[in-house]
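This report concerns only the one structure given below.
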Amino acid sequence: MFRRWGWSFRDFEEIDLFSDRYDTNAQTLSQAIRAAATEEPDADGSVLFGQMKGTVVGLRYYTGVVNRGEMVGLVRQPQNPYDRNAVMVANVYGHQVGHIKKELAAAMAQIMDNNLAKVEGVVYSGTNNAFSMPVTLSFWGKEENKENVTKALARRGFRLETSVGSGSGSGGNFSFFLQLKNAFDNLFEGLMESKDGEKEAADAVSTPLLPHQKQALSWMCARENKSSLPPFWEKRGELYYNSLTCFSSKEVPERVRGGILADDMGLRSILTHFSRVFSGGDPTIPDIPEDPSATATLIVCPLSVLSNWLDQFEQHVSVNVKLNVYLYYGSERNRSEKFLSSQDVVITTYNVLSADFGNKSPLHKINWLRVVLDEGHFIRNPNAQMSKAVLELKASRRWILSGTPIQNSVKDLWTLLAFLRLKPFDVREWWNRVIQRPVTQGDRTGLQNLQTLVKCVTLRRTKTSEVNGRPLVVLPEKAVFVEQVELSPEERAEYELANSEGQKTIRRYVAEGSVLKNYADVLAILMRLRQHCCHPDLPTKSSSDSSSDATPAELRQRLIEKLRLVLVSGSDEECSVCLDSVRFPVITHCAHVYCRPCIAKVISTQEERARCPLCRSDIRQNELVEVPEEEDTGGNTKQWRTSSKVQALMGNLLRLRLNDQSIKCLVVSQFTRFLTVLETPLREEGFSFVRLDGTMTQKRRAQVIQDFQSSSSDGPSIMLLSLKAGGVGLNLTAASHVFLMDPAWNPATEEQCIDRCHRLGQKKKVVVTKFIVKDSVEENMVKIQKKKQDLVEKAFGASSNSKKSSRIDDIKTLMEITI
DNA sequence: ACCGCCGGGTGCC
DNA sequence: ACCGCCGGGTGCC
């Protein structure tokens with residue numbers, strides 16, 4: 001196996017919330033940071049220093065062979081007993097080919113061990129003997145290390161050729177970048193293969209299949225059973241040859257049994273049919289060579305859709321077939337391997353899986369017949385424990401369900417393709433060299449290769465897809481209205497007070513050039529303004545703005561408030577060290593949030609001066625601040641009062657009810673406290689409602705969804721939904737009206753939420769109302785939303801400096817500051 | 001390896 | 001001859 005190239009999570013750049021180029025769907029700062037943190041520095045921040053010829057020796061001692069033009073890996077062997085500078089040469093499959101000649105190895109060892117450059121090898125020409133062969137070495141790294149590397153080589157008598165311009169990142173004009181961006185966006189479009197036809201469900205399935213479901217079923221059967229070669233493999237005489245890496249092998253390359261269902265229509269239902277058909281051993285489908293050692297189907301999903309799976313199995317059960325479905329969840333879960341492998345289907349969550357991982361996990365011992373990853377984008381960060389846990393599962397067939405397979409960039413795909421074992425790209429080095437770097441640098445061929453790879457393993461249908469010119473499904477239309485809200489004079493006065501204070505502070509930061517250093521403050525200011533737009537009681541009492549002569553106690557109190565603000569405001573913060581949701585949150589003096597154990601580790605490994613991984617301010621262990629237990633939820637002892645936005649919503653709801661009693665509505669806000677505020681007038685007006693937010697247990701959540709979806713006449717007609725909880729997978733088709741109470745930073749987040757009801761199964765026309773307060777930060781947010789798409793495209797090739805300034809410009813736009 | 005390097009054998013032309 | 005030259009043994013790191 002290859003030693004992977006190491007990099008540090010501290011290498012990422014500062015990220016903004018408003019226009020980050022990393023994640024067009026980012027809704028929290030941390031998501032953006034996570035996106036950046038997982039960016040491999042060598043993959044797209046790197047430049048080509050130059051190339052040189054080297055020699056691979058010792059061929060006769062090893063079995064690994066290479067073809068002309070084949071890429072080889074260079075792996076340091078510091079433990080080599082003969083030479084601690086040894087550099088091993090291996091082919092794509094990891095078979096050793098030989099070593100780099102020792103003089104050159106000495107120079108390379110110095111460069112590689114100090115992370116000055118990453119070295120890649122290609123064997124362009126053959127050899128005329130059995131002992132050694134030439135190899136072309138390319139040195140890649142950060143611009144600032146170029147001179148060091150060149151000198152280190154020169155010192156030992158090696159010269160880098162720089163004239164050969166193989167790096168194509170340079171000549172990127174703007175429109176070309178846009179073209180690429182579009183091509184990338186469309187990666188998953190047009191992947192319809194209608195030739196597979198439709199397949200009837202087996203007798204085991206009680207509900208009849210819709211045409212698009214039949215089609216998916218048949219595609220899946222083909223993917224599990226057709227024996228075609230994986231993408232870029234072809235047969236050449238007796239050998240199998242990979243045209244991207246030029247690797248060849250006598251053995252048939254392992255094919256991918258499975259794929260990605262990048263579909264937003266009834267994925268789980270299809271999979272339910274699928275596993276029922278195959279796990280139930282349906283006799284009408286004889287063409288599956290069963291692996292006798294393989295066992296059950298394992299389904300891994302986020303907690304939020306667990307109940308959906310259980311429902312699906314429930315719903316599609318035909319009474320005469322006994323299907324064992326086991327929910328591997330909760331502290332009482334049965335960890336017996338024997339028991340688990342005797343099931344037809346085992347369902348678990350990513351969290352349970354990663355908690356078990358490395359801890360005698362029974363799930364990792366079983367050879368599953370099939371593993372299904374639901375909401376596959378949950379594992380898009382390859383460094384996360386979850387992803388590692390998932391990649392270690394043993395299975396003969398592998399499936400990924402994801403409505404959004406690509407969230408922001410190419411690298412999101414790696415974990416997915418690695419899970420599918422799409423050789424050789426399940427090894428990062430080959431993925432980076434052959435796909436990721438070329439694509440990031442704007443290489444058309446790289447993008448085409450990526451498209452081919454994805455195409456081969458993906459079934460993509462959207463609600464607008466067509467088969468043979470006919471739409472797969474016909475959804476009712478959707479209308480979106482923006483309703484302007486005017487603040488009352490009192491609200492306006494309070495708003496303007498907060499606004500002018502905020503402007504003053506931010507102006508100072510802008511003048512000092514310290515906007516990014518004080519980002520948490522800026523966020524806090526914006527947050528307060530947004531809250532003011534919703535309801536005067538939403539903003540928490542502020543300890544006023546930051547006078548610089550604050551006592552340590554005051555400072556601490558302010559930090560606690562900031563932390564609470566961040567954690568309570570409906571943004572699911574993630575720790576940018578472990579890239580997971582924060583556990584045991586602490587806040588640094590520079591106001592960044594981490595898990596306590598994570599940041600403690602950072603501090604202990606950085607001797608002398610520890611620096612904040614996000615802003616590089618000095619941090620100290622004893623200055624980390626924890627949020628104390630919530631004394632009183634909300635602290636709303638005051639008399640309830642209304643707000644203009646509340647009035648606007650209530651007016652709509654009452655009018656609708658008058659018109660048609662049966663209409664159901666989603667009322668969506670980013671602020672859970674606003675949802676709480678809304679409960680009072682809803683009760684007063686006699687509305688029956690349920691509430692769904694991130695704090696609820698799975699059981700409660702499932703209950704609420706079921707209640708809301710039920711068609712009983714005395715059931716709830718309104719769901720109060722926190723934007724965060726309204727993620728993908730949720731099915732709320734009982735609602736036909738959506739009220740978005742406050743604008744999100746990212747329009748895609750709003751779209752996603754709307755799609756909870758505008759999806760397969762919706763019978764009515766969907767009406768969306770967005771409330772925007774006139775002359776407020778909300779209007780400016782809408783401007784930013786519109787600008788955002790443009791910025792993302794520009795940022796595809798923009799320098800980090802221009803990104804920084806556009807971020808500051810955004811803040812100025814939001815605060816209407818002109819300097 | 002049809003090389004380079006090592007070290008022993010050898011020694012006018 | 002404390003050299004050169006020859007030819008056999010040998011060989012990744």
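The basis for the numbers below is simple: all heavy atoms, side chains too, and nothing from hydrogens, waters or symmetry mates. Remember, it's a predicted structure, so these values are computed and weren't measured experimentally. Chain letters run A, B, ... following the sequence lines, proteins first and then strands; every chain starts at 1.
The separation between A/Q77 atom CD and C/dC13 atom P is 12 Å, rounded to whole Å. A/H99 has its NE2 atom 4 Å from the C1' atom of C/dC13, to the nearest Å. Between A/K101 atom NZ and B/dA1 atom P there is a gap of 15 Å when expressed in whole angstrom units. The nearest whole Å value for the distance from the CE atom in A/M108 to the P atom in C/dC12 is 19 Å. The nearest whole Å value for the distance from the NZ atom in A/K102 to the P atom in B/dG4 is 14 Å. The distance from atom OH of A/Y61 to atom P of C/dG11 is 7 Å, rounded to the nearest whole Å. For the pair A/N128 CG and B/dA1 P, the computed distance is 7 Å after rounding to whole Å. Note: OH (A/Y82) to P (C/dG11) measures 12 Å, nearest angstrom.
No engagement by A/N85 is indicated, since no non-hydrogen atom pair under 4.0 Å with the nucleic acid exists. Residue A/L59 is out of contact with every strand shown, counting any heavy-atom pair closer than 4.0 Å. Here A/R60 lies in heavy-atom contact (under 4.0 Å) with a base.
Annotation: B/dA1 and B/dC6 have their C1' atoms spaced 15 Å apart (nearest Å). Comparing B/dG8 with B/dC13, their P atoms sit 25 Å apart, to the nearest whole Å.
For A/F247 and A/Y93, the ring centers sit closer than 6.0 Å to each other.
Taking the charged nitrogens against the carboxylate oxygens, A/E429 and A/R433 do have a contact shorter than 4.0 Å, which makes a salt bridge.
Between the side chain of A/D83 and the base of C/dC13, no donor-acceptor pair under 3.5 Å is found. Applying the 3.5 Å distance criterion, the base of C/dC12 shares a donor-acceptor pair with the side chain of A/Y62.
Checked against C/dC13, B/dA1, C/dG11, the side chain of A/N129 finds its nearest nucleotide in B/dA1.
How far OH of A/Y328 is from CG of A/L363: 4.5 Å, rounded to the nearest 0.5 Å. To the nearest 0.5 Å, atoms CD (A/Q51) and CG (A/L160) are separated by 9.0 Å. One distance of note links OG of A/S396 with CD of A/E254; it measures 10.0 Å at 0.5 Å rounding.
Base-pair partner of B/dG9: C/dC5 (Watson-Crick or G-U wobble, both distances under 3.5 Å).
Stacking is not found between A/F131 and the pyrimidine-like six-membered ring of the C/dC12 base under the 5.5 Å centre-distance and 30° plane-angle cut-offs.
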